[in-house]
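Working notes, structure below.
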There are 2 protein chains.
Amino acid sequence: MDAVTHHRNRSDRGRSALGPALQLVHTGRAPTRAVLTAELGVTRATAGAVAAELQALGLITVDSRPTGSSDGSQGRPSHRLGVEPDGPVVLAAQVHADGFRAALVGLGGTVVATAPGCGDVGADPGQVLREVVDAGAELLRRTGRRCVGAGLAVPSAVAEPEGTALNPLHVAWPPGAPVREVFSACLADAGVTGPAPGSVAVGYAANDVNLGALAEHRHGAGRGARHLLCVATGHRGVGGALVLGGRLHTGSSGLALEVGHLTVDPQGRPCHCGSRGCLDVETDPLAFLEAAGRDAGPEVSLLDQARDLLRTCYPGDFAVRAAAHRLIDRLGQGLASLVNILNPDRVILGGLHRELLRADEERLRAVVADRSLWGRSGEVPVLACTLDHNSLVGAAEMAWQPVLDDPLLLAEV
Amino acid sequence: MDAVTHHRNRSDRGRSALGPALQLVHTGRAPTRAVLTAELGVTRATAGAVAAELQALGLITVDSRPTGSSDGSQGRPSHRLGVEPDGPVVLAAQVHADGFRAALVGLGGTVVATAPGCGDVGADPGQVLREVVDAGAELLRRTGRRCVGAGLAVPSAVAEPEGTALNPLHVAWPPGAPVREVFSACLADAGVTGPAPGSVAVGYAANDVNLGALAEHRHGAGRGARHLLCVATGHRGVGGALVLGGRLHTGSSGLALEVGHLTVDPQGRPCHCGSRGCLDVETDPLAFLEAAGRDAGPEVSLLDQARDLLRTCYPGDFAVRAAAHRLIDRLGQGLASLVNILNPDRVILGGLHRELLRADEERLRAVVADRSLWGRSGEVPVLACTLDHNSLVGAAEMAWQPVLDDPLLLAEV
DNA sequence: TGGCTTTGTGCTCACGATAAACAAATGAAA
DNA sequence: TTTCATTTGTTTATCGTGAGCACAAAGCCA
């Protein structure tokens, strides 16, 4: 009853290099055991032991006989490392304006199976989350894979540590809905398992743009960035996210990067927040449609309408071109403000913002460079996101995180 | 020639708990050995060994017989830990609009000796830095203390890793001046020593507001904050800083928190950046003086003029009150934007902004709360900075950092 | 075939931290 | 005062992790 009180403060479990090693393989930064050795900064013996243990846990593959190995260099070829394709998976879920999506995602961001569900999302979070969790559980049953966690992406800021959706604008949920709690309850009801054998999964929930940023950082356009800023607009409003040192920066209560009310046009349109010219009302799909003089129809999502309009009519149609330029300028102003505040080494755009970037990269980059201190002293890389369902993959990343931090969780009694 | 290549990647030197322990004592979070044991999460034996080693290095004091110890609790009283008052010091330097300041600072943020120097700062960084370093070296000679590093605070963003002053607005330096290089050269010329015995100090240089934030976080109003945002205005323009997890967030190239061009008033005054209503031109001392209808005289600094005016005429004089309210509202808008982006758990204001906070706390807090998402769902603590020379102390913190990370540097051959 | 180069593996060893028993220093109760 | 409970410091034995080193293995290249 004496020393026992001490050694529980920090995670005493686990070889210390096990987690970092798994992350390196997971993100593809350790294709061979030799690279793993160098990246970890340990001896070959240690790296070998670590790789063997991860292999024994069923998380990675170690290919000792790389058939047709001819990477040019001489010397003994190194064992190739990879993610175990038949290893455990996590349940990734996403709720968006047009329904939900459930998927099983393995290490390396591999989407193993997907189950989309369409239709309106009602006012009761419990109902949708039950549907999406059940869909995920069905996937688990069908594939017979071991599940080691679950993550949920929602179109709202999620307050920490409460786990409540503060501003679920695109869905009819009540503000403050306890999404994480409800998600966890659904997981327990469906019998979804967590990292430790026989345990029940705890539900992780976070904002979809944040999770998209996390996914892009690990498997997409953000790989290798130390300070990654993501900005995206899906349906209404604008979301932002920041990844610092491989981790999401969610602020002290989960509400960081709520960038929608940055002023980007002093003479702009009035916003419900009381100000005018906010990023939210100046650069979202509705703003684009209205600036182009088009009416927003209810049949397809605003993002799809705006994207189609931009793709089909962009350089030619005068109104569309003017609208695009208007949004690009406003977006550039907002990005410049964010760059001045956060000084990221990379910026990634999603949703309609990605389309705007593709429409005129030069113009957007010029605005950002012109309006930011760093832009004037160097170049700020502004890129399009590359993953198809980055929010979903990000939800999976969040669910994988405990295992990535301590792979031995999988072997615990 | 094989394994030798490995074990230099990470700092293999040193008991791993030595640095964290010193930081705990340094920041006052470990007043006794028992608390140190708990904070480190190690056994009493380990904590004892660590404390003894730090004492042997001459960094801390371990008082085994606390005279008049009556902290109420029963049980054997714990040894009191403290910073060694006669231990090593660092050379802290600051350049500002009205001259420079040099000081010797010990652990715990204790200013041991100070040497101010007044007058205009010329266009040659080398000249001022030589003067300030010489003044610091003179202090070292007079006191006979061991010097283990040197840090410099400048009124400009400092680009990393170049160490150049990008926008030295308050001094006549050319933009891009290589301050760190020049500072290091002056230190070498003056024979200022570094952490390792016999070594020459390398110069660290950073923005003054950033360093002030670091100092407030460790020894001032920011103690215990996990995500600390500081905003301050000294002479012209506004500076910001963010401390995350005990470390300054300087962004990928040192230019984070350049908050001066946030739009805080769409109908505001034009700014040289091309926009209008920027935080820089709306909330700095000159803005206040002009809003109050006063002419800025050249005799004393703008900050002093504005502060005096606010302190003497605030609630009574109508023009002054209106001007203060105008600035408070603009500042609140800017803080709200930053709170939405960074979601800090504490905000600290310096310079004239501190005076504005003191003039009407309620008004400022109300604006921040009303305009920020987090403010509406909770309360954002907005506080005044408490340290007298926080930039100077912050420069010392920066210089101490290598030792705080690895105290054994002091004992190296 | 025999260098050369690079990587994997099997040992020993050093060292940091734990665990556990014991000693010391206080307050509270008898 | 004596005794006990409580809390902390100290000592010793022990263990686990990773380093260091020697050697084997597996490819290039001549």
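Model, not experiment: these values are computed from the prediction. Every chain is numbered from 1, with letters handed out A, B, ... down the list of sequences.
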Can you sort out the partners of A/Asp405 under salt bridge (charged side-chain N to carboxylate O under 4.0 Å, His left out), two or more places apart, ordered by chain and number? A/Arg247

Find the distance A/Leu81:CG to C/dT7:C1' and express it as a whole number of Å. 12 Å

Below the 4.0 Å mark, does C/dG16 have OP1 or OP2 next to a side-chain nitrogen or oxygen of B/Thr46? no

If the cut-off is 4.0 Å, is B/Thr43 near the phosphate of C/dT18, judged by side-chain N/O to OP1 or OP2? yes

Going by side chain to side chain contact (heavy atoms under 4.5 Å, CB included), name the residues that satisfy it together with B/Thr110, two or more places apart in sequence or in a different chain. none

OP1 or OP2 of D/dT8 versus the side-chain N and O atoms of B/Thr37: is any pair under 4.0 Å? no

Please enumerate all residues that pass side-chain hydrogen bond (donor to acceptor under 3.5 Å, both in side chains) together with B/Thr250, with sequence neighbours excluded. none

Separation of B/Asp63 atom CG from C/dA25 atom P, in whole Å? 14 Å

Minimum-distance nucleotide to B/Pro77 side chain [options: C/dG16, C/dT18, C/dT26]: C/dT26

Separation of C/dT7 P from A/Leu36 CG (nearest whole Å): 12 Å

List in chain and number order the residues that pass side-chain hydrogen bond (donor to acceptor under 3.5 Å, both in side chains) with A/Thr61, two or more places apart in sequence or in another chain; answer none if no residue qualifies. none

Ring centres under 6.0 angstrom apart (A/His249, B/His249): no

Taking only nitrogen or oxygen atoms into account, show me every contact under 3.5 Å that the protein makes with nucleotides 9-11 of chain C, one pair per line with its distance.
from	atom 1	to	atom 2	distance (Å)
C/dT9	OP2	A/Arg33	NH1	2.4
C/dT9	OP2	A/Arg33	NH2	3.4

Considering just the side-chain nitrogens and oxygens of A/Ser78, establish if one lies under 4.0 Å of OP1 or OP2 belonging to C/dG8. yes

D/dG16 P sits how many Å from A/Leu18 CG, rounded? 16 Å

Closest-nucleotide 5' rank along DNA chain D - winner of B/Thr32 and B/Gln74: B/Gln74

Among all residues two or more places apart in sequence or in another chain, which pass the salt bridge (charged side-chain N to carboxylate O under 4.0 Å, His left out) test with A/Arg218? A/Glu397

